[in-house]
> 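Quick one: the structure is below, and I'll ask about it shortly.
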Amino acid sequence: MKPLLLVMQGNERLASGLADRLGAEIALPETRRFPDGETYLRLTADLKDRPVAILCTLDRPDEKIPPLLFAADAARDLGAARIGLIAPYLAYMRQDTRFKPGEAVTSRPFARLLSAAFDWLVTVDPHLHRYHSLDALYGIPSVAVHAAPAIARWIGDNVANALVIGPDVESEQWVAAVAREAGMPHAVLTKVRRGDRDVDISLQHLGSRSDRVPVLVDDIISSGRTMLVAVQKLRAQGWPAPVCIGVHGLFADESDIALGGTGARVVTCNTVPHKTNSIDVCPLLAAAVSGFVRC
Ligand code: R5P
C-alpha cells in the first residue's frame, strides 16, 4: 500500500515533487471555516493501516496549528499506521530562552504539542542556537535536513567569485557548511539586536573590500532588517551589490520589497512558498522522509 501524503492548504507546490520521489499518493484534506471562525476538516482518503506524512510548512503558525492538529488526530482515529510531520519550516524555534523575566519559552511547549500529535518529524535547517539538536526539544524521532548542498550548488551555478557571508554569529553554522560545500571563502559579521525590527551590524571582521561578490546567507529572513542593514553596510564600503540567500523566506512587513529596492538579488529555498524560491530542497527532504514512510 502506497504511503499517503496529506497536504495542508498552501503546500501544494512542494507536494507533487515529494510524492513522486516517495511513491506516495497525495490527498488534500477538505477544510473550511464555520461561520464562527472554527475549523471544519474532513479526510476522505483510505487511511487504514497506512503510513501517513502530513506536509505543512509552519510559517505564520498561529493560523495553521489547529487544522494541522485536527488532521493528525483524524488520521490516527481513522486507522493510519504512523503519522509524521513534514514541516519544511519549523516555527517557534527562536524563543529558546527567557530573555526577560516572565517570558514564555515558546520553543518548549510548541515542541511538546507537536511531539504529542506526531510519530516523527522532518524539517529543514531549524533555528538551532541554544539547543544543539531537535532531540533536546522534541520527544519524537526527528531529522533536520541541511539545505547547504543545494545552496552551495546554486551559488556555484549562479555567482562567479563569491564570498559567502553570515550576518551574525548564529549564521556561522550555515555559512561555513555552504562555503565548504562550494569551495569558497566565508566570513561572519557581528550583529546586535535591540528589538524585533532594530538591528545593527558591524563589518569589523570582514577584512578589506575585495572584488568578490558578497553572498549573504542566513537561515531566516523575517523583518528583513538583518539582511537590509548588512546590505547597506556592505554597499557603504564599496562592495558590489550582494546576493541575499535565506533558507526560509518569511518576509514579514513585505521585507522582500525593501530588500529588492537595495539592488540586492534575493533568493530563497522552497521551504516557504514565495516568488524568490529558486533553490529546491525537495530531493533532500524526500531522502529524509523516505526512511519513515516505507511500508
Ligand atoms: C537570527 O537569530 C536568525 O538567524 C536571523 O538572522 C533572523 O531571524 C533574521 O530576522 P530579521 O529578518 O527579522 O532580521
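Each ligand, and each atom within it, is numbered from 1 in the order the structure gives.
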> As an exercise, state the distance from OG1 of Thr123 to CG of Leu128, rounded to the nearest 0.5 Å.
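Going from OG1 on Thr123 over to CG on Leu128, the span is 9.0 Å.
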
> Starting at CD1 of Ile86, measure out to OG1 of Thr57 and round the result to the nearest 0.5 Å.
11.0 Å

> For ligand 1, what are the residues with a heavy-atom contact below 4.0 Å?
Arg94, His127, Asp168, Glu170, Lys191, Arg193, Asp218, Asp219, Ile220, Ile221, Ser222, Ser223, Gly224, Arg225, Thr226

> For Gln237, enumerate each residue passing the side chain to side chain contact (heavy atoms under 4.5 Å, CB included) test, keeping only those at least two apart in sequence or located in another chain.
Leu203, Trp239

> Using a 4.5 Å cut-off between side-chain heavy atoms of Ile, Leu, Val, Met, Phe, Trp and Tyr, which other residues end up in the same hydrophobic cluster as Val272?
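Result for Val272 is Tyr89, Ile220, Leu250.
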
> If the condition is ring-ring contact (aromatic ring centres under 6.0 Å, His included), which residues does Tyr138 pass it with, not counting sequence neighbours?
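For Tyr138, no residue satisfies ring-ring contact (aromatic ring centres under 6.0 Å, His included) once neighbours in sequence are set aside.
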
> In terms of heavy-atom contacts, does CD of Glu103 have more than 12 from other residues, nucleotides or ligands at under 6.0 Å?
yes

